[in-house]
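Working notes, structure below.
Whatever order the structure lists them in is the order used to number ligands and atoms, beginning at 1.
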Amino acid sequence: MAVERTLSIIKPDATCRDLTGRINARFEESGLHIVAQKRIRMTLGVAEKFYEVHRRRSFFDDLCAFMASGPVVVQVLEGEDAIARNREIMGATNPDNAEEKTIRRDFGESIEANSVHGSDSLETAAREIAFFFSDIEIVG
Ligand code: GDP
């Protein structure tokens, strides 16, 4: 297994319920190091650009409006097999289908307001990390 970096976002439904610390503890307890982190408010335009690959999906407008509806915490997680590991810790997209003890099962409110985002491949991770962070903001 290789050491990888992945982009994580703590979504507005979770920041608004003050779950940032509890979600970060899940990452750290699972061996994922938070090597960059900032709390921001996305504009609708930024959310649309970030989710560009989903533009044709029926939920695109709703998803972008939701992501711009409140603060988010964008972060880079680093560790062995970090991309797959993080997706395991997050759980399935729909909290109702997520395994027990995953973030989405424990904290998610709906298929849209599911508390966290995580990159799904090496290529996506590289693009998503560069979308929010410059090299000097990532400190391993
Ligand atoms: P992920 O990789 O598990 O985050 O899932 P996707 O890449 O398929 O979808 C991106 C995000 O869009 C999800 O995390 C949800 O916030 C949202 N989403 C996915 N499916 C739906 C849906 O059917 N309806 C709505 N409203 N949002 C969805």
Residues two or more places apart in sequence or in another chain: which of them pass ring pair (Phe, Tyr, Trp, His ring centres under 6.0 Å) with Phe132?
Phe50
Under a 4.0 Å heavy-atom cut-off, what residues line ligand 1?
Lys11, His54, Arg57, Phe59, Leu63, Arg87, Thr93, Arg104, Ile111, Glu112, Asn114
Does the Asn114 side chain pair with the main chain of Asn94, one donor and one acceptor, at a distance under 3.5 Å?
no
Under-4.0 Å salt bridge between Asp106 and Arg26:
yes
With a 3.5 Å cut-off and sequence neighbours excluded, list the donor-acceptor pairs that the side chains of residues 84-93 form with protein atoms.
from: Arg85; atom 1: NH1; to: Glu88; atom 2: OE1; distance (Å): 2.9
from: Arg87; atom 1: NH1; to: Gly118; atom 2: O; distance (Å): 3.0

Phe133 six-ring face occupied by Lys38 cation (under 6.0 Å, within 45°)
yes
Just grab all the salt bridge (charged side-chain N to carboxylate O under 4.0 Å, His left out) pairs involving residues 39-48, residues at least two apart or on different chains.
none
